Amino acid sequence: MHDECTIKLLCAAKLLCRFLCKDEKLEQLVLEFKKHKRFWYPEVDVSKLNDRIFELKNEGWIVISITPNSNWLGVVKSYSILLQNNS
């Protein structure tokens, strides 16, 4: 379930993709990464995030931006990743 802030962020990222992707050959994608170290651990596992970014780069994706998504207490609950593929 996405909170209102995350939905607004994803909508803004989609608008940014449309603005930046004037060339038909560019493909962009927005992913939300929210894997935690443990079930009860409140913050996102940054080492798993780095591993996922490494996998995406090996698949041919270019990371444009990574944005943290936090709850109302300021705890980072997920990251939005804007990716681009030139194929």
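What's counted below: heavy atoms across the whole structure, side chains too, no hydrogens, waters or symmetry copies. Along the sequence shown, the residues carry numbers beginning at 1. In this text, all values refer to a predicted model and were calculated from it rather than measured experimentally.
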Nearest heavy-atom neighbours spanning Asn69 and Tyr79
ND2-C, 3.8 Å

Out of the candidates Ile81, Leu31, Leu82, only one should pair with Val63 under the side chain to side chain contact (heavy atoms under 4.5 Å, CB included) rule; please name it.
Ile81

Those residues at least two apart in sequence (or on a different chain) that pass side-chain hydrogen bond (donor to acceptor under 3.5 Å, both in side chains) with Asp51 are none

Is the number of heavy atoms from other residues, nucleotides or ligands within 6.0 Å of NZ (Lys48) greater than 12?
yes

Give me the atom names and distance for the closest heavy-atom approach of Ile64 to Leu83.
CG1-C, 4.4 Å

Taking every non-hydrogen atom, the tightest pair across Asn85 and Gly60:
OD1-O, 3.6 Å

Donor + acceptor pair across side chains of Glu32, Ser78 (<3.5 Å)
yes

Residues which pass salt bridge (charged side-chain N to carboxylate O under 4.0 Å, His left out) with Glu59, listed by chain and number, not counting sequence neighbours
none

With a 4.5 Å cut-off on side-chain heavy atoms, are Ser70 and Val75 touching?
no

Where is the tightest heavy-atom contact between Asp45 and Ser47, given as atom of each residue plus distance?
OD1-OG, 2.9 Å

side-chain contact (heavy atoms from CB on, under 4.5 Å) assessment of Gln28 paired with Trp61:
CA-CA 9 Å; Gln28 290 192 334; Trp61 291 95; over 6 Å; no

